[in-house]
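To start, the structure under review is shown below, and the notes come after it.
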There are 2 protein chains.
Amino acid sequence: MLPSVAADEVLAQFEALGRLRIVASGGSIVAEESEDTLVYLASGAAKLVAFASQDREQVVAFHFAGDLISVPAPRAHAYALLALRASEAIVFPAGELLSVAHEHPAMMGRIVCSAYTSLRRSREKSIVIGRKTARERVACFLISMADRIGLPEGNRCVLHLPMSRRDIADSLGLTIETISRQLGDLRGDGLIETAGRSTIRLLDLAALAACAGHLIKQSSQI
Amino acid sequence: MLPSVAADEVLAQFEALGRLRIVASGGSIVAEESEDTLVYLASGAAKLVAFASQDREQVVAFHFAGDLISVPAPRAHAYALLALRASEAIVFPAGELLSVAHEHPAMMGRIVCSAYTSLRRSREKSIVIGRKTARERVACFLISMADRIGLPEGNRCVLHLPMSRRDIADSLGLTIETISRQLGDLRGDGLIETAGRSTIRLLDLAALAACAGHLIKQSSQI
DNA sequence: CGGCTCGTTGAGGTCGGTCAATTCCTGTGG
DNA sequence: CCACAGGAATTGACCGACCTCAACGAGCCG
């Protein structure tokens with residue numbers, strides 16, 4: 001269940017630190033901890049949310065199976081990690097996990113790597129929320145999801161999104177109505193198709209990247 | 001110059017990896033690297049900026065002396081680390097520094113710690129940019145700066161900001177005019193005083209925190 | 001002291017938010 | 001398998017916070 005970077009006895013050492021959480025869709029994996037927490041998401045999908053006030057919540061990050069997630073203890077704002085679908089996770093007190101990981105370079109390497117990945121994504125989110133239009137934000141979101149959970153289909157890509165329009169809105173700093181309108185526009189422009197509530201087919205990744213305002217890469221499509 | 005967590009010969013090993021950069025105010029510490037970069041900012045102050053397009057830039061983070069800064073290689077967007085005042089920095093290729101740090105737990109610990117601190121700040125920025133009004137954003141910014149570079153003065157706090165109004169605006173996802181107006185309003189409400197371009201005196205940290213929409217903490221003032 | 005950038009202030013415009021009504025899924029139970 | 005209920009998503013009309021554009025004034029450097 002843990003990443004296979006450690007021998008069995010070491011693995012047991014780590015598992016002794018964590019508590020297993022099996023959570024239904026919509027349930028809370030971590031909330032209101034008094035200490036920073038690290039969560040290994042073994043299966044499922046989750047959103048890390050923060051509360052700007054009682055009725056304004058910001059989705060700070062989406063996470064999927066295999067991700068190592070840092071959930072901060074409340075400081076200026078309170079955080080919670082909520083399951084978007086049925087999920088299995090192992091929850092660790094950050095301090096204890098880090099002090100044990102000190103003895104195990106491979107584990108530490110993985111922790112650092114996941115921290116920098118989260119940092120890079122969080123910064124990208126700042127750019128998107130801070131300086132992009134609604135259409136650009138939605139395009140960025142779609143491309144990011146394609147990169148993480150997209151199923152290739154020829155030169156196209158199919159998304160089965162575990163999150164609702166509200167989650168997307170709360171992630172992009174917009175409203176559900178705006179998300180809906182932008183998806184409608186993208187559909188009207190022939191860039192995407194939608195089927196049901198959670199399936200979106202990306203028809204032209206290059207055009208989508210252009211409309212997201214991404215740097216032009218000659219060969220890759222993320 | 002490097003954090004004193006390593007013995008002398010180890011320190012030499014690290015310094016061999018990095019290149020020293022002495023940069024004037026406004027100069028570029030790191031830009032357009034093809035590889036992820038880690039920067040130890042020995043003195044001065046800097047902004048990490050990303051370009052949403054040619055004329056839209058987002059300040060992703062502010063950094064001060066002692067900070068260890070991760071500068072991503074360009075992917076969807078390009079990044080640059082720019083000096084806000086005369087600065088001294090050591091620039092490392094991230095991969096090499098990490099592989100050497102694998103052998104030195106104390107160094108690795110410091111790297112992880114700085115990564116999580118940056119991650120936490122970046123997430124707070126997402127909350128602020130995504131779900132707060134102009135006034136709340138400015139209040140959050142002032143409190144954050146008070147925490148990092150504020151000089152206590154009784155129960156007040158004085159800030160000497162190294163960044164311009166434009167930098168603040170580009171950090172908060174606003175315009176310079178809005179920053180100026182909000183600071184004017186805060187001054188009118190008796191929460192701050194301003195002197196010259198870069199000095200701001202915070203007169204009532206609790207009221208400022210309330211107006212930033214932060215969780216109420218009984219004893220601390222961040 | 002002069003020049004010039006940076007910051008402030010004002011007037012008007014716009015993108016996305018708000019409120020409200022309608023339609024569409026989806027999962028539940030017959 | 002189909003009908004139904006209830007929430008989710010879409011669509012439309014209007015509004016407002018912040019942006020844009022423009023002019024003015026203040027602070028900093030030579």
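First the proteins, then the strands, lettered A, B, ... as listed; each starts at 1.
With salt bridges taken as basic N to acidic carboxylate O contacts below 4.0 Å, none links R131(A) and D55(B). Between D67(A) and R148(A) a salt bridge is recorded (basic side-chain N to carboxylate O distance below 4.0 Å). With salt bridges taken as basic N to acidic carboxylate O contacts below 4.0 Å, one links R135(A) and D189(A).
The two residues R166(B) and I176(B) have their closest heavy-atom pair at CA-CG2, 3.3 Å. Counting all heavy atoms, side chain and backbone alike, A134(A) lies closest to T178(A) at CB-CG2, 3.7 Å. Shown here for D36(B) and A73(B), the closest heavy-atom pair between the two residues is OD1-N, 2.7 Å.
For the 3.5 Å distance criterion, the side chains of T194(B) and R187(B) qualify, holding a donor opposite an acceptor. A donor-acceptor pair shorter than 3.5 Å cannot be found between the side chains of S144(A) and K125(A).
Residue R85(B) contributes atom CZ, which lies 14 Å from atom C1' of dC28(D) at whole-angstrom precision. Counting to the nearest Å, the C1' atom of dC19(D) and the CG atom of D55(B) are 14 Å from each other. For the pair Q182(A) CD and dG12(D) P, the interatomic distance rounds to 14 Å; values are reported in whole Å. The interatomic distance linking K132(B) (NZ) with dG17(C) (P) rounds to 17 Å, in whole Å. Atoms CG (L186(A)) and C1' (dT10(D)) sit 15 Å apart, rounded to a whole Å. Remark: C1' of dC18(D) and CG of D170(B) are 15 Å apart, rounded to the nearest angstrom. Separating the CG atom of L161(B) from the C1' atom of dC6(C) is a distance of 14 Å, rounded to the nearest angstrom. Taking atom CD1 of residue I176(B) and atom C1' of nucleotide dC21(D), one finds them 12 Å apart after rounding to whole Å.
Note on I179(A): nothing from the nucleic acid sits closer than 4.0 angstrom, heavy atoms only. No contact: L183(B) has no heavy atom under 4.0 Å from any strand.
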At a cut-off of 3.5 Å, list every protein nitrogen or oxygen paired with a nitrogen or oxygen from nucleotides 21-24 of chain C, distance to 0.1 Å.
{"residue": "dC24(C)", "atom": "O2", "partner": "R197(A)", "partner atom": "NH2", "Å": "3.4"}

Show each protein N/O and nucleotides 1-5 of chain D N/O combination with a separation under 3.5 Å, one pair to a line.
none

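Side-chain nitrogen and oxygen atoms of T178(B) include none within less than 4.0 Å of the OP1 or OP2 phosphate oxygen of dC18(D). A close approach under 4.0 Å does occur between a side-chain nitrogen or oxygen of T175(A) and OP1 or OP2 of dG17(C). Distances shown here put a side-chain N or O of R165(A) below 4.0 Å from the OP1 or OP2 atom of dT10(D).
Comparing R187(B) and G173(A) by the nucleotide of DNA chain C whose heavy atom lies nearest to each, the residue mapping closer to the 5' end is R187(B). For the pair G184(A) and A195(B), nearest-nucleotide mapping onto DNA chain D gives the more 5' position to G184(A).
No side-chain heavy atom of L81(B) sits less than 4.5 Å from a side-chain heavy atom of R21(B).
Between the side chain of R181(A) and the base of dT18(C), a donor-acceptor pair under 3.5 Å is found.
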Kindly indicate, with the supporting measurements, whether the criterion side chain to side chain contact (heavy atoms under 4.5 Å, CB included) is fulfilled by R123(A) and S70(B).
-> CA-CA 11 Å; R123(A) 285 166 168 174; S70(B) 158; 3.7 Å; yes
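The side chain of E177(B) sits closest to dA22(D) out of dG12(D), dA22(D), dG7(C).
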